[in-house]
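Report on the structure given below.
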Amino acid sequence: MPTLQGKANITVAEGTQSGKVFRLKGKGIQGVRSSVPGDLYCHVHIETPVNLSDEQKDLLRQFDATIEKNSGKNSPQNKHWTNKVKDFFSSL
């Protein structure tokens with residue numbers, strides 16, 4: 001990734017979600033009253049693929065079917081079971 005001092009390498013782990021922020025120490029702008037450069041923050045934004053072929057769409061549907069078999073435990077957006085219990089009792 002480009003920085004003020006040149007290029008820097010970061011490792012984006014498998015499963016990184018959109019919105020994750022990486023901090024690169026000492027790669028930012030130098031402070032007004034300091035001789036030490038600040039930190040540079042890198043925000044991750046995941047793009048959804050568009051203009052997929054029929055074969056690609058079919059593969060995604062097959063993948064979705066396998067995810068549903070695991071009761072959604074692969075998705076960080078799913079609620080924890082305690083939140084589901086709270087929602088159940090608050091709806092009564």
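Numbers for residues simply follow the sequence, beginning at 1.
- Scored by the side chain to side chain contact (heavy atoms under 4.5 Å, CB included) test, Val44 finds Thr16, Lys20, Phe22, Ile46 as partners (sequence neighbours excluded).
- Shown here for Cys42 and Met1, the closest heavy-atom pair between the two residues is SG-CE, 3.4 Å.
- Counting heavy atoms of neighbouring residues, nucleotides and ligands inside a 6.0 Å radius, atom CD1 of Ile29 does not exceed 12 of them.
- Shown here are the side chain to side chain contact (heavy atoms under 4.5 Å, CB included) partners of Val50, two or more places apart in sequence or in another chain: there are none.
- One finds the CG atom of Asn9 at 10.0 Å from the CG atom of Leu24 (value rounded to the nearest 0.5 Å).
- Annotation: the span from Ser18 atom OG to Glu47 atom CD amounts to 9.5 Å, rounded to 0.5 Å.
- With sequence neighbours excluded, the residues forming a side chain to side chain contact (heavy atoms under 4.5 Å, CB included) with Leu52 are Pro49, Gln56, Lys57, Leu60, listed by chain and number.
- Residues forming a side chain to side chain contact (heavy atoms under 4.5 Å, CB included) with Lys25 (at least two apart in sequence, or on another chain): Arg23, Asp39.
- Of all non-hydrogen atoms in Pro37 and Gly28, the two that sit nearest each other are CB-O, 3.7 Å.
- Checking side-chain atoms of Gln17 against main-chain N and O of Gly15 turns up a donor-acceptor pair under 3.5 Å.
- Atoms OG1 and CD1, on Thr3 and Ile10 in that order, are 11.0 Å from each other to the nearest 0.5 Å.
- For the side-chain hydrogen bond (donor to acceptor under 3.5 Å, both in side chains) test, no residue two or more places apart in sequence or in another chain qualifies with Ser35.
- Partners of Glu55 according to the side-chain hydrogen bond (donor to acceptor under 3.5 Å, both in side chains) rule, which considers only residues two or more places apart in sequence or in another chain, do not exist here.
- The minimum heavy-atom distance linking Lys27 with Gln5 is given by the pair O-OE1, 3.3 Å.
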